[in-house]
Colleague: 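Below is a structure I'd like to ask you about.
Order of the sequence lines sets the chain letters (A, B, ...), proteins ahead of strands, with each chain counted from 1. Quantities reported herein were computed from a predicted structural model and do not represent experimental measurements. FYI, side chains are in, hydrogens and waters are out, and symmetry mates aren't considered; it's all heavy atoms of this structure.
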Amino acid sequence: MPLSLSNSGIFMKRFYLVDCNNFFVSCERVFNPALLNKPVVVLSSGDACIIARSNEAKALGIPMGAPLYEYEALIKKNNVHVYSANFSLYGDMSSRVMQTLGECASELEVYSIDEAFLHVSDHNFPVNYSSRFYYTSYGHHLKSLIKTRIGLPVSIGIGPTKTLAKISAEFAKKNPVYDGVFDISERPDKEQLLQLIDIKDVWGIGRRYGKKLIALGIKTAYDFMGMDDAWVRKNMTINGLKTLHELRGISCLDLEDVQEDKKTICVSRLFGEKLTAIEPIREALASYVSSAARKLRLQKSITKQISVFIVTSKYHDPHNYFRSMSFELSMPTSYTPLLIKAVHRCLEQLYKPGLQYKKVGVVLSDLVAADCLQLSTYEQTPDLNNQSILMKTMDIMNSRWGRDKIFFAACGTKQLWKMKQTRKSQCYTTNWNELLTIKV
DNA sequence: TCTGGGGTCCTAGGACCC
DNA sequence: TCTGGGGTCCTAGGACCC
């Protein structure tokens, strides 16, 4: 079996993966140190599911993605601190981390809100760095820099490929001996280490493929490395083959350091409670599409196609459970009032009186750059210019004074549809009125 | 009774064209 | 019994990620 991970030479390019530990929980802890060493969980929007857990909460057996109601008793019994998601706080803390990493790397890929891949080159290292372990030493430097500047703990994995860097990060996180930084390329015992990695935990092998592989007796990353290329290509697509090669130490996935524009933008949320009347659903939809349009303008795009979907309970109403419709706009746009009109038209078609709706959503697709808009002569009206000025003004005002300081009347003021978020911490870093106060 | 939200990519198969 | 060959485009469905 072709299992050797050769060429771990010192000059080989390394991938770093920096991963913030229990990110949402750690953000809460920065501003509330009383939470340190205590079990803490953070909930999804609408307080429905548990989407982040401190190590202490994990130790209690609370799984990722679990619905809150199933664990309410356990939470109460063990005094678990519970927070509603505070995405403006987490987003801001994330951009601080990425800013610091950007200063320390030759290339940076912001992979998610709490993870980044990077390359470092010689000029990032201090002059007196020597020894073949300097990649690891630099990892420790990055780790303490983020702790000092931002207050967040991170784990850092290093490897000859992205997939192996991910695996390194798991060792860094789980085994205290490594003090948060691990480089698999330095290890003579790589193969034994990869035998410790559950196949389902390999980046790119999800639940489905994991199950399929286990049925074939492939239980670990090491087992997978010995598989036949052709079989993997046929049964797991080109992406499976890339994962296979990456595990063997052949880099197939590069850093993607330019942020690509989104190809679709989707905004959807559960209602706080089930809705039957159309009016609050119209308002929720207007509000969601306003937010989608703001994201659209942020990346300087316009949309040609808009879809709306509406969801009832799967159990009560299997026939009407999910209904959607979409249509092409006569002219691509990012002008919120036109988009509100469009989603309301869709809703008229989809809505049936008497049903209990629990969620609605809007998807903007077929996005193109705003400056690509081709206009025929008769379409070049002053209106277009006014629309763009109005949107720009709104966006500037809302970014300066806070989200939704001004909004369209169609979004309503009662917000009957709004989800509950009863346990949210303050926006310590993004709202002047919610700064941390310290009593002495 | 109550189970998130927001993305990307790949592939097979059908429609259509010359 | 016979029923081309090769291409493109679109879509739905299935997989993955955090």
Colleague: Measure the distance from NZ on A:K162 to P on B:dT8 and round it to the nearest whole Å.
Modeller: 15 Å
Colleague: Can you give the donor-acceptor pairs under 3.5 Å from side chains of residues 331-340 of chain A to other protein atoms, not counting sequence neighbours?
Modeller:
| unit_1 | atom_1 | unit_2 | atom_2 | d |
| --- | --- | --- | --- | --- |
| A:T333 | OG1 | A:Y335 | N | 2.9 |
| A:T336 | OG1 | A:R297 | NH1 | 2.9 |

Colleague: Suppose we screen for side chain to side chain donor-acceptor pair (under 3.5 Å). Which residues come up paired with A:S95, at least two apart in sequence or across chains?
Modeller: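 Testing A:S95 for side chain to side chain donor-acceptor pair (under 3.5 Å), a comparison that skips the adjacent residues, returns none.
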Colleague: According to the ring pair (Phe, Tyr, Trp, His ring centres under 6.0 Å) rule, which pairs have a member within residues 270-300 of chain A, sequence neighbours left out?
Modeller: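 Passing the test, one end in residues 270-300 of chain A: A:Y288-A:W417.
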Colleague: How many Å lie between CG on A:L364 and P on B:dT8, as a whole number?
Modeller: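 Atom CG in A:L364 sits about 12 Å away from atom P in B:dT8.
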Colleague: Which residue lies toward the 5' end of DNA chain B, A:L270 or A:D261, if each is placed at its nearest nucleotide?
Modeller: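 Checking each residue's closest nucleotide, the 5'-ward one belongs to A:L270.
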Colleague: Going by the rule side chain to side chain contact (heavy atoms under 4.5 Å, CB included), which residues pair with A:K359 if we only count those two or more places apart in sequence or in a different chain?
Modeller: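 Residues passing side chain to side chain contact (heavy atoms under 4.5 Å, CB included) with A:K359: A:S268, A:L270, A:F309, A:V311.
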Colleague: Please give, in whole Å, the distance from B:dT3 C1' to A:K359 NZ?
Modeller: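 Nearest whole value for this atom pair: 11 Å.
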Colleague: What's the gap between B:dT3 and C:dC18 when it is taken at their P atoms, as a whole Å value?
Modeller: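 Result for the P pair: 24 Å, nearest Å.
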Colleague: Between the two ends of the helix from B:dG5-C:dC18 to B:dC18-C:dG5, what is the bend in degrees, rounded to 10 degrees, where each end axis spans five pairs?
Modeller: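 Axis angle across the helix from B:dG5-C:dC18 to B:dC18-C:dG5, nearest 10°: 10°.
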Colleague: Which residue pairs satisfy the ring pair (Phe, Tyr, Trp, His ring centres under 6.0 Å) criterion with at least one member in residues 161-180 of chain A, sequence neighbours excluded?
Modeller: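 For residues 161-180 of chain A, and leaving out neighbouring residues, the ring pair (Phe, Tyr, Trp, His ring centres under 6.0 Å) pairs sorted by first residue read A:F171-A:F182, A:Y178-A:F182.
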Colleague: Between A:Y288 (OH) and B:dG5 (P), how many Å, whole number?
Modeller: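 It works out to 8 Å between those atoms.
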Colleague: Mind running a 4.0 Å heavy-atom check of residues 67-76 of chain A against DNA chain C and sending the residues that fall below it, in number order?
Modeller: none
Colleague: Using a 4.0 Å heavy-atom cut-off, write out nucleotides 10-17 of chain C from 5' to 3' as B (base contacted by protein), S (sugar-phosphate only) or - (no contact).
Modeller: -----SSS
Colleague: For the side chain of A:C266, counting heavy atoms from C-beta on, which of B:dC9, B:dG7, B:dG4 is nearest?
Modeller: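 Within the option list, the nearest is B:dG7.
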Colleague: With a sphere of 6.0 Å drawn around CD of A:E273, does it hold more than 12 non-hydrogen atoms of other residues, nucleotides or ligands?
Modeller: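 Atom CD in A:E273 is not crowded, with 12 or fewer foreign heavy atoms closer than 6.0 Å.
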Colleague: For A:H119, enumerate each residue passing the ring-ring contact (aromatic ring centres under 6.0 Å, His included) test, keeping only those at least two apart in sequence or located in another chain.
Modeller: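 In terms of ring-ring contact (aromatic ring centres under 6.0 Å, His included), with neighbours along the sequence ignored, A:H119 is linked to A:F15.
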Colleague: Sub-3.5 Å donor-acceptor pair from the side chain of A:T303 to the main-chain atoms of A:L364, do we have one?
Modeller: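 No, A:T303 side chain to A:L364 backbone: no donor-acceptor pair under 3.5 Å.
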Colleague: To the nearest Å, how far apart are A:E260 CD and B:dC9 P?
Modeller: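 Computing the A:E260:CD to B:dC9:P distance gives 8 Å.
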Colleague: May I ask you to verify if any side-chain N or O of A:T237 is less than 4.0 angstrom from the OP1 or OP2 atom of B:dC9?
Modeller: no
Colleague: Does OP1 or OP2 of B:dC2 have a side-chain N or O of A:K274 closer than 4.0 Å?
Modeller: yes
Colleague: Check residues 195-205 of chain A and write down every donor-acceptor pair under 3.5 Å in which the side-chain atom is one partner and the other belongs to a residue at least two apart or another chain.
Modeller:
| unit_1 | atom_1 | unit_2 | atom_2 | d |
| --- | --- | --- | --- | --- |
| A:D198 | OD1 | A:K200 | N | 3.1 |
| A:W203 | NE1 | A:Y111 | OH | 3.2 |

Colleague: To the nearest Å, how far apart are A:D254 CG and B:dC9 P?
Modeller: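 One finds 15 Å between P of B:dC9 and CG of A:D254, rounded.
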Colleague: Please tell me which of A:I265 and A:R233 maps to the more 5' nucleotide of DNA chain B, matching each residue to the nucleotide holding its nearest heavy atom.
Modeller: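 Result of the comparison: A:I265.
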Colleague: To the nearest Å, give me how far apart NZ (A:K358) and C1' (B:dG4) are.
Modeller: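 It is 11 Å, rounded to the nearest whole Å.
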Colleague: A:T429: what forms a side chain to side chain donor-acceptor pair (under 3.5 Å) with it, not counting sequence neighbours?
Modeller: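 A:T429 satisfies side chain to side chain donor-acceptor pair (under 3.5 Å) with A:D92 once adjacent residues are dropped.
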Colleague: With no hydrogens and no angle check, just 3.5 Å: does a side-chain donor-acceptor pair link A:Q356 and A:T312?
Modeller: no
Colleague: For residues 66-84 of chain A, which side-chain donor-acceptor pairs fall under 3.5 Å, sequence neighbours excluded?
Modeller:
| unit_1 | atom_1 | unit_2 | atom_2 | d |
| --- | --- | --- | --- | --- |
| A:N78 | ND2 | A:L74 | O | 2.8 |
| A:Y83 | OH | A:N32 | ND2 | 3.3 |
| A:S84 | OG | A:D47 | OD1 | 2.8 |
| A:S84 | OG | A:D47 | OD2 | 3.3 |
| A:S84 | OG | A:T422 | N | 3.4 |
| A:S84 | OG | A:R423 | N | 2.8 |

Colleague: Could you tell me the separation between the CZ atom of A:F87 and the C1' atom of B:dG5, rounded to a whole number of Å?
Modeller: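 Interatomic distance, CZ of A:F87 to C1' of B:dG5: 8 Å.
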Colleague: Which nucleotide wins on minimum distance to the side chain of A:N239, given the candidates B:dC2, B:dG4, B:dC9?
Modeller: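 The listed nucleotide nearest to A:N239's side chain is B:dC9.
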